[in-house]
Amino acid sequence: MTLKTPALTQQLLAWYDRHARDLPWRVPPHERKVGVVPDPYRVWLSEIMLQQTTVAAVKDYFTAFTAKWPKVEMLAEADADDVMKAWAGLGYYSRARNLKACAETVARDHGGRFPDTEEGLRALPGIGPYTAAAIAAIAFDQPAAVVDGNVERVMSRLRLIETPLPAAKPEIRAAMGELTPQERPGDFAQAVMDLGATICTPKRPACALCPWMEPCAARAAGVAETLPRKAAKTAKPTRTGAAFVLRRAGDGAVALRKRPPKGLLGGMAEVPGSEWAVDFDVASAVMQAPVAANWHKRSGSVGHTFTHFHLEVTVFTAELGAGDLPEGWWWSTLDALEGEALPTVMRKVIAHGLG
DNA sequence: TAGCCGTGGAC
DNA sequence: TGTCCAAGGCT
């Protein structure tokens, strides 16, 4: 049997036909209607990059990745360190490790083709409930209920769901499922996300421009901007630590090492440093210097905020005239630094040390 | 299940 | 300046 497409769904698809955002990874609705199908590899890559990350931040990375690795087999065969270097600055670095692992699995176990079902996609590393549904709907026309932060906001307003997140998730998923059509499920999912990104925004939603203004229960009740409700967040503690910018006499190259493969900034490059702790003693920081040298403390400090704590780093600098670096460390010339797998906090630290 | 896991832009 | 938060996943 064929389910009747709800009128609400048709209204939003009509809006999407006129107002879809033009994005590098998207096949626009007018092209899909004449038979153009999206490349599942590009859909997957964009969805991984877009996890908790803004469209503006993703665009250049997506362009660089698809230029360097146009097919999933090429990414599967790429050097893991090259992938981390290309991802540097985008954040959530476990995504890059899982990206590589997923590409290898698809190439080795699936003949280079992504699974076309939610269940099959969900089994791959880095693909959770949202991403599996998004790829299934957008790349394979499966009527999956795609639920991301935009959808949570739009549905909680449209249906006046006042249960706080995350307890409201099942209710929201059901609401999205009831509206998701058999035809154009991928366009519908992207339509709801575009609506959330451009009209049904977290603050000051542009209800007057919304194709769902009339049926929106939250707007009728005058509470649209207060939804979705969320549980209170815990405060971020401040950790402190020391970092050591060791420079090679002559050319000024900087000593780098690699962080452990998992955890915070896992697998990325760093300058040597102390632990980051709430009770860190800056006065004795130089005692933890990685090598004996004439260390100088730079004035001020480097501040950086992670997901769950603030960081204040005191930077020390020294010059090394002779002697080998510890095992696994390397010198990076000033020209080479830009291409290293350095997370943003480390680029700040190095800039402070060089300044 | 709630904590861990980055970054930059908007306000 | 501080807070929020953006196409979440993993453990």
Side-chain angles (χ1 to χ4, degrees), chain A residues 20-21 23-26 42-62 84 87-99 101-102 121-139 144-155 164-167 169 173 176 186-198 200-204 225 228 230-239 259-268 270 276 303-311 341-348:
Chain A
R21 287 180 291 175
L23 302 173
W25 46 85
R26 175 178 285 177
R42 291 166 63 87
V43 174
W44 163 74
L45 179 61
S46 68
E47 291 300 340
I48 302 299
M49 287 185 166
L50 286 162
Q51 289 169 2
Q52 295 291 289
T53 307
T54 58
V55 164
V58 164
K59 281 183 176 176
D60 288 348
Y61 284 88
F62 180 82
M84 301 309 288
W87 197 276
L90 199 53
Y92 285 131
Y93 298 101
S94 66
R95 291 186 296 172
R97 299 193 298 273
N98 286 331
L99 186 82
C102 184
L121 290 160
R122 182 68 183 77
L124 295 168
I127 298 182
Y130 161 74
T131 305
I135 298 173
I138 296 169
V146 179
V147 180
D148 75 327
N150 288 303
V151 175
E152 289 177 345
R153 185 169 58 256
V154 172
M155 288 300 137
L165 287 168
K169 282 178 179 289
R173 179 171 301 276
M176 184 64 175
D187 278 356
F188 179 73
Q190 294 178 94
V192 180
M193 292 190 279
D194 275 22
L195 187 70
T198 63
C200 194
T201 49
K203 296 171 184 174
R204 301 178 60 85
E225 194 168 358
K230 296 186 179 181
K233 296 174 182 175
T234 58
K236 289 180 169 69
T238 296
R239 301 184 192 176
R259 293 178 61 86
K262 292 185 177 181
L264 186 68
L265 309 176
M268 301 295 284
E270 68 172 0
W276 298 336
H304 191 78
T305 300
F306 293 100
T307 309
H308 55 292
F309 65 93
H310 303 289
L311 177 66
L342 286 163
T344 297
V345 63
M346 288 299 155
R347 294 184 185 275
K348 287 187 190 176

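The model shown is predicted, which means the values in this text are computed figures rather than measured ones. Sequence lines set the chain letters: A, B, ... in the order given, protein chains first and strands last, and positions in each chain run from 1.
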Distance between C1' atoms of B:dA2 and C:dA7 (Å, rounded)
23 Å
Measuring to OP1 and OP2 of B:dT7, would you say a side-chain N or O of A:His304 lies under 4.0 angstrom away?
yes
Check every strand shown and say whether A:Val146 touches a base, only sugar-phosphate, or nothing at a heavy-atom separation below 4.0 Å.
nothing
Nucleotide C:dG9, atom C1' - distance to OH of A:Tyr130 in whole Å:
13 Å
Taking only the P atom of each, what is the distance from C:dG9 to B:dG8 in whole angstrom?
22 Å
Whole Å only: how far is the OH atom of A:Tyr93 from the P atom of B:dC5?
14 Å
Give a yes/no on whether any side-chain N or O of A:Gln52 is located under 4.0 angstrom from OP1 or OP2 of C:dG8.
yes
Within this structure, what is the CG-to-C1' distance between A:Leu195 and C:dA7, rounded to whole angstrom?
14 Å
Whole angstroms only, please: what is the CZ-P distance between A:Arg97 and C:dG9?
16 Å
Given the P atoms of C:dG2 and B:dC5, what is the spacing between them in whole Å?
23 Å
In whole Å, what is the span from the CG atom of A:Leu90 to the C1' atom of C:dA6?
12 Å
Specify the separation, in whole Å, of atom CD of A:Glu270 and atom C1' of B:dG6.
15 Å
Write out a two-atom table: protein N or O, nucleotide N or O from nucleotides 1-5 of chain C, distance below 3.5 Å.
{"unit_1": "C:dC5", "atom_1": "OP2", "unit_2": "A:Lys233", "atom_2": "NZ", "d": "3.2"}

What about the rings of A:His308 and A:Phe306, do their centers lie closer together than 6.0 Å?
no
From C:dC10, B:dG6, C:dG8, pick the nucleotide closest to the side chain of A:Leu264?
B:dG6
Of the listed C:dG8, B:dG6, C:dC10, the closest approach to the A:Arg122 side chain comes from C:dC10
Taking for each residue the nucleotide of DNA chain B bearing the nearest heavy atom, is the 5' side occupied by A:Arg204 or by A:Pro166?
A:Pro166
So does A:His310 get a backbone contact from the side chain of A:Arg239, meaning a donor-acceptor N/O pair under 3.5 Å?
no
If you check every side-chain atom of A:Gln51, which of C:dA7, B:dG6, C:dG9 has the closest atom?
C:dG9
Looking only at side-chain N and O atoms, does A:Thr344 come under 4.0 Å of OP1 or OP2 in B:dT7?
yes
Provide the closest heavy-atom pair for A:Cys102 versus A:Leu124 in the form atom of the first, atom of the second, distance.
SG-CB, 3.8 Å
Just the rounded figure in Å: distance from P of C:dG9 to CG of A:Leu121.
12 Å
A:Met176 CE to C:dA7 C1': how many Å, rounded?
11 Å
Could you tell me whether the phosphate oxygens of B:dG3, OP1 or OP2, come under 4.0 Å of any side-chain nitrogen or oxygen in A:His308?
no
Between A:Gly266 and A:Thr234, which has a closest nucleotide on DNA chain B that is more 5'?
A:Thr234
